Amino acid sequence: MEYVHDGDESYSVDHFPSECPLCHRTIDPKEGAARYGVGRDSKYSIDVVFSCPARECRRVFVAHYVGETVGQRGDRRVAKLIGVGPIRPRRPDFPKEVVALSPSFVEIYAQAAAAELYQLSQVAGPGFRKALEFLVKDYCCSRSPHQEAEIKSMQLGSVIARHLGSERVKQSAERAAWLGNDQAHYIQKWSQKDTSDLKVLIRLTVAWIEQELLTERLNEEMPRPENGLR
């Protein structure tokens, strides 16, 4: 439990933020001004200004707390942290081989992740679906450059079925496409799944593609000796 101050008044909150929402470093933030507000019924809110102590950042942000008064005397319970802002989305971390293969995938995925962070769930899902399509098509074009025009014009499902040779990549990409299509359609076939499952399948697809790319590169760099293994 921590305490914040609004003038001469002191309020208890459950904890201070442990991560800067702008630079994403783990921090012990410096408390600034606090503002107490009365809500409906027995609810109240506290907005607290914090500053990031990291030398490379030193930005300010606001933590929003909500509490409740109880009893005839209006005793205040410990207010709980429910959010911080502003938030700068964290850039997704993908293997360098995948970044080089499909920079558009990385950019589209980052924008979809930002939409999800800002609670724009209705546009985040279709964004992840679009990122998947760029990843799969760029990978297939790199495998079959003579069929690039055909691959780019095909439906994603057809590209997965006809041009993904690796069964591991195909299985994860296929299921990711199923969930991705659900995110863009009125009626969902996989109602028990959501964008978190879609992101897992995209990450699996990325992981299998990375393994394929690494295997191919190392095989080229280390060809089998003509006289066999030494």
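Please read these numbers as outputs of a predicted model, since none were measured by experiment. Quick note: numbers below take in every heavy atom, side chains included, and nothing from hydrogens, waters or symmetry partners.
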## Note on the structure
Besides L218, the hydrophobic cluster formed by Ile, Leu, Val, Met, Phe, Trp and Tyr side chains linked at under 4.5 Å, directly or via other members, contains none
Please tabulate, for side-chain N and O atoms in residues 15-28, each donor-acceptor pair with protein atoms closer than 3.5 Å (sequence neighbours left out).
residue	atom	partner	partner atom	Å
E19	OE2	H24	ND1	3.1
E19	OE2	R90	NH2	3.2
H24	NE2	R88	O	2.5

### Query
Counting only N and O atoms by type, is there a donor-acceptor contact under 3.5 Å from the side chain of D47 to the main-chain atoms of R35?
no
### Query
Would you say V84 and F50 are hydrophobically clustered, going by side-chain heavy atoms of ILVMFWY under 4.5 Å?
yes
### Query
Counting only heavy atoms not in Q119, do more than 12 fall under 6.0 Å of its CD?
no
### Task
To the nearest 0.5 angstrom, please state how far the CD atom of E133 sits from the CG atom of D138.
10.0 Å
#### Entry: Sidechain N-carboxylate O distance under 4.0 Å for R91, E107
yes
#### Entry: Spacing of CD1 belonging to I82 relative to CG belonging to D14, to within rounding of 0.5 Å
10.5 Å
### Query
Is there a donor-acceptor pair under 3.5 Å between the side chain of R129 and the backbone N or O of G125?
no
## Note on the structure
The complete set of ring-ring contact (aromatic ring centres under 6.0 Å, His included) pairs with one or both residues in residues 175-215, sequence neighbours excluded, reads W178-W190
### Summary
Output for pair (L117 CG, I87 CD1), nearest 0.5 Å, gives 4.5 Å
### Query
Given a cutoff of under 4.5 Å between side-chain heavy atoms of I, L, V, M, F, W and Y, with clusters grown through shared members, what are the other residues clustered with V49?
V60, V62
#### Entry: S172 versus T205, closest heavy-atom pair with distance
OG-OG1, 3.1 Å
### Query
Which distance, rounded to the nearest 0.5 Å, do you find between the CG of L132 and the CD of Q183?
12.0 Å
### Query
Hey, what do you get for NZ (K193) to CD (Q188), rounding to the nearest 0.5 Å?
13.0 Å
### Query
Any sub-3.5 Å donor-acceptor pair from S102's side-chain atoms to V98's backbone N or O?
no
### Query
Under 6.0 Å between the ring centres of F94 and F105?
yes
### Query
Quick one: salt bridge (Lys or Arg N to Asp or Glu O under 4.0 Å) partners of K199, sequence neighbours excluded?
E116
### Query
Tell me the ring-ring contact (aromatic ring centres under 6.0 Å, His included) pairs involving residues 114-167, sequence neighbours left out?
Y109-F128
### Task
Write down the atom of R58, the atom of P53, and the distance for their closest heavy-atom approach.
NH1-O, 4.1 Å
### Message
Any heavy-atom pair between the side chains of Y36 and V4 that's under 4.5 Å?
### Response
no
### Message
So for atom CG, which belongs to D93, do other residues, nucleotides or ligands contribute more than 12 heavy atoms lying within a distance under 6.0 Å?
### Response
no
### Message
Would you say L204 ends up clustered with L214 if hydrophobic residues are merged whenever their side chains have heavy atoms under 4.5 Å apart, either directly or through other cluster members?
### Response
no
## Note on the structure
Residues at least two apart in sequence or cross-chain that pass salt bridge (Lys or Arg N to Asp or Glu O under 4.0 Å) with E220, listed by chain then number, are none
### Message
Which residues end up grouped with M1 if you chain together Ile, Leu, Val, Met, Phe, Trp and Tyr wherever their side-chain heavy atoms are less than 4.5 Å apart?
### Response
Y3, V78
### Query
With sequence neighbours left out, what residues match R77 under salt bridge (Lys or Arg N to Asp or Glu O under 4.0 Å)?
E68
### Query
So do the side chains of S121 and T195 get within less than 4.5 Å of each other, counting heavy atoms only?
no
### Query
Who else is in M222's hydrophobic cluster (ILVMFWY, side-chain heavy atoms under 4.5 Å, direct or via others)?
none
### Summary
Here the pair of heavy atoms bringing G127 nearest to I108 is O-CG2, 3.5 Å
### Task
Starting at SG of C140, measure out to CZ of R162 and round the result to the nearest 0.5 Å.
12.0 Å
List, one per line, each side-chain donor-acceptor pair under 3.5 Å for residues 148-156, sequence neighbours excluded.
residue	atom	partner	partner atom	Å
E148	OE2	K152	NZ	2.7
S153	OG	A149	O	3.3
S153	OG	E150	O	3.0

### Query
Quick check: does any side chain N or O of T69 sit under 3.5 Å from a backbone N or O of S42, one acting as donor and the other as acceptor?
yes
### Query
What residues, two or more places apart in sequence or in another chain, satisfy salt bridge (Lys or Arg N to Asp or Glu O under 4.0 Å) together with E167?
none
### Task
Report yes or no: do V123 and I202 belong to one cluster of Ile/Leu/Val/Met/Phe/Trp/Tyr joined by side chain heavy-atom distances under 4.5 Å?
no
### Query
Does S12 reach the side chain of R76, with side-chain heavy atoms less than 4.5 Å apart?
no
### Query
Do the charged groups of K170 and E174 touch, with an N to O distance under 4.0 Å?
no
### Contact check, side chains of E212 and R143, non-hydrogen atoms, under 4.5 Å
no
### Message
With a 3.5 Å distance limit and no angle check, can you tell me whether D197 reaches the backbone of D194 through a side-chain donor-acceptor pair?
### Response
yes
